[in-house]
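Here's the structure, in structure tokens; my notes come after.
When a ligand or atom number is given, it counts from 1 through the structure's own listing order. Positions are given from 1 along the sequence.
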Amino acid sequence: MGQVVSLRRRTPAQRGAKRARAKPVRVIRERNCSVGRTVAILSDTWAFLVLRETYFAATRFETFQSALGIPRATLTQRLRDLTAEGLLRRVQYSQRPKRFEYRLTRMGIELYPVMMALLAFGDKWLQKTARPPIYLVHNQCGEVCRPTVACSHCKEEVSVKTVTYRDGPGAGITPVIDAKRNRRPSDTSVLDRGRPSSVSQTLKVIGDRWSFMVIREAFFGVRRFDDLQTKLGIAPNILTDRLDRLVAEGIFVRRKYQDLPERYEYPLTDKGKDLYGPLIAMLRWGDDWLARGKPPLLLRHNDCGHDFNPTVVCDHCRQPLKAKEMSYRLNYRPRSDSRPRKPGRPLIVEDT
Ligand SMILES: [Zn+2]
Ligand SMILES: [Zn+2]
């Protein structure tokens, strides 16, 4: 009996050693990437949903809460985070009682085209019905529009086949503390809260941080299991899990390239290649707002021969899409508070 007890009892040093084993602090060297920084913000499911409601003109705590059914403490924290990250601004709107609302900053407003690019992907590839949840109307030309990621120079649609890249002034590798990076994955079922959304559907595919990193490496031409593992410093079981999921989602196909020993590679499908638009839209936003003026990558559009900024344009009139110039036709019945305040009218967003 006594022996069992003494076996179970550990010295403080042993307890310390156990803690150290349980939480290894690994430092991984990661490719500098504005897309990664953007996904780090968007991959928090609740933060994303709060942000999305702001594009439907929500500004007040109660509006967010009833639109999303989000726990109050969670909402408080996310509003605080989004304000600290610079996407929202806290503005007092009532003196007595003292009340605040949250408005989009310029940084938040400029994330709108990224959302539109994610939406276009979701509408094309992930909706099970013929009608998307929302028709976007571009008020400038009056047409129902499909957001298109285009070259800022010639305004033509760009794709992975027509763009080459080279290192920019912010290129390089940054050490990242592994423990920080591996936040618990967000609960993606939450993404269905509030309203049907093609953006949510797309984030379910790429929003998970590891899935996203695997897809990003694919666009850098890395497609073999072993190479992915080395590049990302990812545990083989996690990599297998993410690749299986992305194959099931139709983003990659699995192809054997060697028999003894058996080795596999994962080329992108056409659907996977279509993620290029949303990815470079994120890249642009991340360069503008998170890379401090030093973009890690420069992009060239081979069709017109110019360096360009990815720009999300209307497929009819080729003008860049701006939140205040859009209106929506909803193909679903919204929860009462998530209805745009003036249906069919442009959204009112902060313009400072
Ligand atoms: Zn061009
Ligand atoms: Zn248009």
Side-chain angles (χ1 to χ4, degrees), residues 34-35 52 55-57 104 106 109-124 127 130-171 197-199 202 219-221 268 270 273-288 291 295-331 340 342-349 351:
S34 297
V35 190
R52 187 190 65 191
Y55 297 119
F56 286 95
L104 286 162
R106 169 71 33 211
I109 290 168
E110 289 192 3
L111 193 60
Y112 181 80
V114 172
M115 297 281 193
M116 293 299 99
L118 292 166
L119 178 141
F121 178 87
D123 277 354
K124 181 171 174 188
Q127 286 305 328
R131 275 203 326 175
I134 283 182
Y135 286 130
L136 298 167
V137 179
H138 189 216
N139 297 333
Q140 299 301 95
C141 67
E143 299 285 341
V144 170
C145 91
R146 180 177 67 85
T148 304
V149 181
C151 163
S152 54
H153 190 84
C154 67
K155 303 289 191 299
E156 289 302 317
E157 185 163 11
V158 292
S159 73
V160 64
K161 286 198 192 97
T162 60
V163 174
T164 48
Y165 67 87
R166 63 186 189 279
D167 281 350
S197 156
S198 292
V199 186
T202 307
F219 284 114
F220 281 111
L268 288 159
D270 285 345
K273 284 177 190 157
D274 239 21
L275 280 169
Y276 189 71
L279 247 74
I280 60 171
M282 288 189 198
L283 178 96
R284 166 74 195 282
W285 184 82
D287 281 353
D288 284 353
L297 285 183
L298 297 175
L299 302 172
R300 176 176 294 255
H301 187 210
N302 296 334
D303 288 355
C304 72
H306 286 90
D307 283 355
F308 73 100
N309 288 319
T311 309
V312 182
V313 302
C314 166
D315 62 329
H316 287 278
C317 68
R318 301 278 153 187
Q319 290 306 304
L321 298 184
K322 295 179 183 155
K324 62 182 173 189
E325 293 167 0
M326 306 296 288
S327 49
Y328 306 122
R329 268 185 236 150
L330 307 186
N331 291 323
K342 295 176 188 167
R345 300 284 306 155
L347 291 184
I348 301 151
V349 288
D351 210 359

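- Classified by interplanar angle (parallel below 30°, tilted 30° to 60°, perpendicular above 60°), the ring pair Y276/F219 is tilted.
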For a side chain to side chain donor-acceptor pair (under 3.5 Å) check, start with the C-alpha distance between D315 and T148, then their side-chain angles and the critical distance, and finish with the verdict.
CA-CA 6 Å; D315 62 329; T148 304; 5.1 Å; no

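- Contact annotation: C314 places an N, O or S atom under 2.8 Å from the Zn ion (ligand 2).
- Among the atoms of H138, an N, O or S atom falls under 2.8 Å from the Zn ion (ligand 2).
- The closest side-chain heavy-atom distance from L119 to P278 is not below 4.5 Å.
- For the Zn ion (ligand 1), the N/O/S atoms of C304 include one lying under 2.8 Å.
- Among the backbone and side-chain atoms of C151, an N, O or S atom lies under 2.8 Å from the Zn ion (ligand 1).
- Nearest N, O or S atom of H301 to the Zn ion (ligand 1): atom ND1.
- Of the candidates T164, D307, V158, V158 is the only one forming a side-chain contact (heavy atoms from CB on, under 4.5 Å) with H301.
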Worked check of side chain to side chain contact (heavy atoms under 4.5 Å, CB included) between F220 and L297:
CA-CA 11 Å; F220 281 111; L297 285 183; 3.9 Å; yes

